[in-house]
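Some notes on the structure that comes next.
What you are looking at is a predicted structure, and each value in this text was computed from that prediction instead of being measured.
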Amino acid sequence: MSGKTLIGVMSEIPVISFSLRLLLFSFFCCMFSLHTFSQSKSTPSLTRILFLLDGSSSMAESWSNTSKIEAARKIISRIADSLDTSFSIQLGLRIYGHQFSSTEMNCTDTRLEVPFATHNSEGIKNALKALHPQGITPIAYSLEQCARDFPTDLRARNVIVIVTDGEESCSGDPCEISLMLQQKRIFLRPFIIGLNLNPDAAQKMQCIGNYFNATNPEVLRNLMTTVINRVLSSSVVQVNLLDNQNRPLETDVNMTFYDHATGTYRYNFYHTITNRGVADTMQLDPVLQYDLTIHTTPPLERKQLNFPAHQVDTVNIPASQGYLKIVLQGKMINKNLNDKIKVLLRRAGSEETIQVQNLQETVKYLSGKYDLEVLTLPRMQIKNVAVTQSATTTIEIPLPGILSITKTFPGIGSIMLIENNSEEKIYQLNENLNSELLGLQPGNYAIIFRSKFSKKTVDSITRKFQIKNGESTSVKL
């Protein structure tokens, strides 16, 4: 199937009967699935499709020279026939609103008529033939019961296709139930096909899952074929990371695709450019709606992405990046002090720290302006540092001096920075140490110190000193 999509192959087949087209479609789907599975061990080995069919009284109403239930009965029967030979697909049928009359207002009227199995099209067709619409529409309760219909199998893809002509009749919330069961990974995002629903009812259905509206039986047939096509195929996605000239040249960053409904991650990839100079493609499950995170620094996000089956879908994300290197103007005498200096990096004007960078380290960031806080003593603030496309911005930090403090007796004390006739505390001495070695930025300082054993404030002493770049200073207390 190299070079052609499944739809492309089908489009070259002459006009034939709908059943035969679906049968051929099933064959190609199975071949496509086997091809895909051979390339990816994570592909599930089994797909389960549960038809959740409305059997309420309104389904008996006429609809374009037939009835709604007859139109649904025909298309589900034909699909069951077309997929009956597959060993990797299991079908099931649950119906609601068909066991009790509408006057009884039975909100638990739902039943699994045909459990999951391969080659069970006859059972589905027989259950559909026996169906006589008569009840109400307990969609939420029916969805909740679907959780029991799917056998436990973590590798299987569980899909629900709802066919209905009305909204919830009881007090349940189908959207809440659907989301809860998706979060529990009972089934993937459901498909809902409304039979000519009014706009208000249709809008209420959209939060349940992938919603489609069939205005007549022909549209229903086409929509159902599209849904099954989507369930049994895969999406091919290409993520282009654009530089500042909108060229897809950025790469070598990991990406995570999350299920939008549940927030759980589904795929992790490392972005790659092929030997042909284009971004490599990925195969994703087209049933889900995705949130995408590109793990640049800071990260980039895209929400609610849908990827149709049988085509290459492209996501273009501006991701221009450059490099930032922070160095000392000279070599510090004591390497241990040098290693302690960290730099906090924030978006310009933001309070959120996005990175802690070491000195002498070169780190890749999105192009833009950043505020740096250098954790020297005292701390240094460097505002609006520009990172530009494919370039390295180098920031030099003034070389600290080294302060050696020796105590003749234990005590408490603080280091004060003296600037403009005012003092600011920048460090609390460790009262349990007899000596301390610190790196300080050049400037004028004072240590205020009192013996641990003295109970008189007047016993406090002050030692003033000056720190110069790269020089050592000793203070004895």
With rounding to the nearest 0.5 angstrom, report the [atom1] to [atom2] distance, [X] to [Y].
X: E431; Y: F449; atom1: CD; atom2: CZ; result: 9.5 Å
X: N432; Y: L429; atom1: CG; atom2: CG; result: 11.5 Å
X: I162; Y: L52; atom1: CD1; atom2: CG; result: 5.0 Å
X: I402; Y: L438; atom1: CD1; atom2: CG; result: 10.0 Å
X: I412; Y: R450; atom1: CD1; atom2: CZ; result: 4.0 Å
X: R463; Y: L477; atom1: CZ; atom2: CG; result: 6.5 Å

Side-chain ([X]) to main-chain ([Y]) donor-acceptor, under 3.5 angstrom:
X: N213; Y: L197; value: yes
X: S82; Y: I79; value: yes
X: E396; Y: L328; value: no
X: T353; Y: Q355; value: no
X: R189; Y: I208; value: no
X: S178; Y: P174; value: no
X: Q428; Y: G413; value: yes
X: N210; Y: P190; value: yes
X: T293; Y: H295; value: no
X: Q321; Y: T297; value: no

Practice task
Dump the intermediate steps for salt bridge (charged side-chain N to carboxylate O under 4.0 Å, His left out) on R302 and D291, then the final yes or no.
Solution key: CA-CA 6 Å; R302 291 293 182 272; D291 293 338; over 6 Å; no
Does the side chain of [X] reach to within under 4.5 Å of the side chain of [Y], using non-hydrogen atoms?
X: T256; Y: L292; result: no
X: L324; Y: I326; result: yes
X: L284; Y: F257; result: yes
X: D259; Y: Y290; result: no
X: T251; Y: L241; result: no
X: L50; Y: F116; result: yes
X: V163; Y: M224; result: yes
X: N240; Y: Q238; result: yes

Exercise for the section: Just say parallel, tilted or perpendicular for the rings of Y370 and Y365, cut-offs at 30° and 60°. Expected result: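 Y370 vs Y365 ring planes: tilted.
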Between [X] and [Y], does any side-chain donor sit less than 3.5 Å from a side-chain acceptor?
X: E301; Y: Y258; result: no
X: E436; Y: Y427; result: yes
X: S142; Y: R94; result: no
X: Q389; Y: S320; result: yes
X: S233; Y: N229; result: yes
X: N444; Y: K464; result: no
X: Y96; Y: T164; result: yes

Problem - Residue Y270 excluded, over 12 heavy atoms near OH under 6.0 Å - result: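 Yes, enclosed.
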Exercise for the section: For salt bridge (charged side-chain N to carboxylate O under 4.0 Å, His left out), just list the numbers for R347 and E352, CA-CA rounded to whole Å, side-chain angles, deciding distance to a tenth of an Å, and then say yes or no. Expected result: CA-CA 7 Å; R347 282 279 200 185; E352 181 183 359; over 6 Å; no
Should [X] and [Y] count as an ion pair when the cut-off is N to O under 4.0 Å?
X: R266; Y: D285; value: no
X: E361; Y: K325; value: no
X: E351; Y: R346; value: no

Problem - Intermediate values then yes/no, side chain to side chain contact (heavy atoms under 4.5 Å, CB included), V161 and I49 - result: CA-CA 7 Å; V161 180; I49 304 173; 4.0 Å; yes
Exercise for the section: Using the side chain to side chain contact (heavy atoms under 4.5 Å, CB included) rule, take I426 and L440 through it: C-alpha gap first, then chi angles, then the decisive distance, then the call. Expected result: CA-CA 10 Å; I426 64 166; L440 294 179; 4.1 Å; yes
Problem - F453 and F409 aromatic centres sub-6.0 Å - result: no
Exercise for the section: I would like to know whether E373 and K383 meet salt bridge (charged side-chain N to carboxylate O under 4.0 Å, His left out); could you show each step before the answer? Expected result: CA-CA 9 Å; E373 183 176 0; K383 302 289 187 180; over 6 Å; no
